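Contents: one structure, followed by commentary.
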Amino acid sequence: MSWFASPRAIPYVLLLPAIVVILSVVLVPLLVSFWTSFTAYNLTKPATLFQFIGLRNYQRLLTNADFWWAFGRTFVFVTITLNLEMLLGLGLALLVNKITWGQRTLRTIMMFPMMFSPILVGFQFKYIFNDSIGLLNNALFDLHIISQPIPWLVDGTLANFSIIFAEIWMSTSVFAILLLAGLMALPKEPLEAARVDGCNPLQVFQHITLPFLMPFVYIAMTIRSLDVARAYDMVKIMTNGGPAGRTELLWTLMTRTGYQNSQMGMANAMGYVSIILSIVFTFYFYRKLVAARTFMGGAQ
């Protein structure tokens, strides 16, 4: 009791409410969900919460074709989306960085897409890509480019393209803002020295600008990889995993398994296996970030 009355206990006492909230809101549900992944828990049969079945859920996942298709589709979705967002964000940041008048206004406008809710963006692009009343098909008809409506959200390949397009539209600004911050922090002396030595703009970008920006790129990719790997809202609104499950990603499959099929134990097992995907991307980008900072002479 004497320790609690000492000045050293004051920081811990002040942090106690936050610790209690974190334990109750984060840790307890995490432990419960981890436990249920080893049970036959069914939402319609509460007693199954205590029916321990060991690794059976995880063993079933090894032969569950729907899960592995969703896992692979999510991996491809994350890879394509991140790379396109990075390239477009880099190009946008380079263009805005060249502007000397109205740059603050443009930076504000660039942030608008990321401020919208994914559900709102999903409804917006569901209307744009609608095959009968959608803005895109109507525009293509008016321009006499097509004679029959294109089934953007009905064809499996086009539906995946539509979701990727919507995701890129909403989140490219994350890369653009972070890379623009990197460009604004770039020292002017190396650039001026390179120009004096006769380097052309491409050489300056390749050997000075891009290496300096790589830590910002990997930070943005780490943040976005975690968001994209958990994609749910936009897919749910635009296609609901269809047609015939061809746009089903991990989180939409887990939701269907857990809440529609009531197999919560299996859904939580899927969730913990899917964590592997997030860990792989995070570890990869962290290693790249360390290497980029080391190359630029920063701390490891």
Side-chain angles (χ1 to χ4, degrees), residues 69-70 73-96 99 102-180 220-221 223-225 227-253 255-256:
W69 274 109
R73 201 176 290 115
T74 304
F75 184 88
V76 173
F77 179 77
V78 171
T79 303
I80 294 175
T81 303
L82 284 182
N83 283 281
L84 290 178
E85 286 181 4
M86 188 273 289
L87 292 175
L88 294 173
L90 177 60
L92 189 58
L94 290 171
L95 290 174
V96 174
I99 296 175
Q103 190 180 104
R104 292 183 178 179
T105 303
L106 280 176
R107 291 205 301 266
T108 303
I109 295 174
M110 282 167 52
M111 296 178 65
F112 282 171
M114 59 186 291
M115 294 178 182
F116 292 122
S117 164
I119 296 178
L120 178 62
V121 175
F123 276 114
Q124 169 185 317
F125 279 95
K126 184 177 182 179
Y127 173 67
I128 291 174
F129 287 113
N130 187 280
D131 56 348
S132 57
I133 62 171
L135 293 178
L136 181 57
N137 273 348
N138 283 323
L140 294 176
F141 272 120
D142 291 341
L143 295 172
H144 304 289
I145 296 176
I146 61 175
S147 57
Q148 292 186 354
I150 299 176
W152 295 103
L153 300 178
V154 178
D155 179 82
T157 302
L158 292 177
N160 280 291
F161 162 80
S162 303
I163 295 171
I164 290 174
F165 185 89
E167 184 71 34
I168 291 173
W169 179 88
M170 184 179 71
S171 303
T172 294
S173 55
V174 176
F175 278 87
I177 293 296
L178 288 174
L179 295 180
L180 182 59
M221 281 197 164
I223 297 171
R224 286 294 301 140
S225 66
D227 288 338
V228 178
R230 296 194 304 267
Y232 169 78
D233 314 65
M234 203 173 297
V235 179
K236 179 67 176 179
I237 295 300
M238 291 182 67
T239 64
N240 196 24
R246 293 187 180 180
T247 59
E248 191 93 89
L249 300 182
L250 279 175
W251 284 83
T252 56
L253 177 62
T255 302
R256 180 164 60 84

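We count residues from 1, following the sequence as given. Note that the coordinates shown come from a computational prediction; the quantities given were computed from them, not determined experimentally.
Shown here is W251, whose CH2 atom has no more than 12 heavy atoms of other residues, nucleotides or ligands within 6.0 Å. Taking a 6.0 Å sphere around CZ of R107, one finds it holds more than 12 heavy atoms contributed by other residues, nucleotides or ligands. Shown here is F123, whose CZ atom has no more than 12 heavy atoms of other residues, nucleotides or ligands within 6.0 Å.
Residue pairs that meet the side chain to side chain donor-acceptor pair (under 3.5 Å) test with at least one member in residues 119-136, sequence neighbours left out, are N130-S132.
Ion pairing of R224 with D227 is present here, as a side-chain N (NZ or NE/NH1/NH2) and a carboxylate O approach within less than 4.0 Å.
Side chain of T74 to main chain of L250: a donor-acceptor pair is present (N/O by atom type, distance under 3.5 Å, no hydrogens or angles). In this structure, N160 contributes its side chain and G156 its backbone to a donor-acceptor pair below 3.5 Å. Between the side chain of T247 and the backbone N or O of P243 there is no donor-acceptor pair closer than 3.5 Å. Checked by atom type and distance alone, the side chain of N137 pairs as donor or acceptor with a backbone atom of I150 at under 3.5 Å. No donor-acceptor distance shorter than 3.5 angstrom exists from the side chain of N240 to the backbone of G242, with no hydrogens or angles considered.
Across every non-hydrogen atom of F116 and M170, the tightest pair is O-SD, 4.1 Å. Scanning all heavy atoms of the two residues, the minimum distance from L179 to G89 falls at CD1-C, 4.1 Å. Considering all non-hydrogen atoms of both residues, A231 and F77 come closest at CB-CE2, 3.9 Å. The two residues M234 and G122 have their closest heavy-atom pair at CG-CA, 4.0 Å. Between A166 and M238 the shortest heavy-atom distance is CB-SD, 4.0 Å.
We find the CZ-CG distance between R246 and D155 to be 7.5 Å, quoted to the nearest 0.5 Å. I163 CD1 to T81 OG1: the interatomic distance, rounded to the nearest 0.5 Å, is 10.0 Å.
The aromatic rings of F125 and F129 sit parallel to each other, their planes meeting at less than 30°, with 60° as the upper class boundary.
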Q: Check the pair F175 / L82 against side-chain contact (heavy atoms from CB on, under 4.5 Å), numbers first and verdict last.
A: CA-CA 9 Å; F175 278 87; L82 284 182; 4.3 Å; yes

Q | L249 and Y232: CA distance, side-chain angles, deciding distance, side-chain contact (heavy atoms from CB on, under 4.5 Å) verdict | A | CA-CA 8 Å; L249 300 182; Y232 169 78; over 6 Å; no

Q: Begin from the C-alpha positions of L88 and L92 and carry the test side-chain contact (heavy atoms from CB on, under 4.5 Å) through to its verdict.
A: CA-CA 6 Å; L88 294 173; L92 189 58; over 6 Å; no

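Between the side chains of T252 and E248, at least one donor N or O lies within less than 3.5 Å of an accepting N or O.
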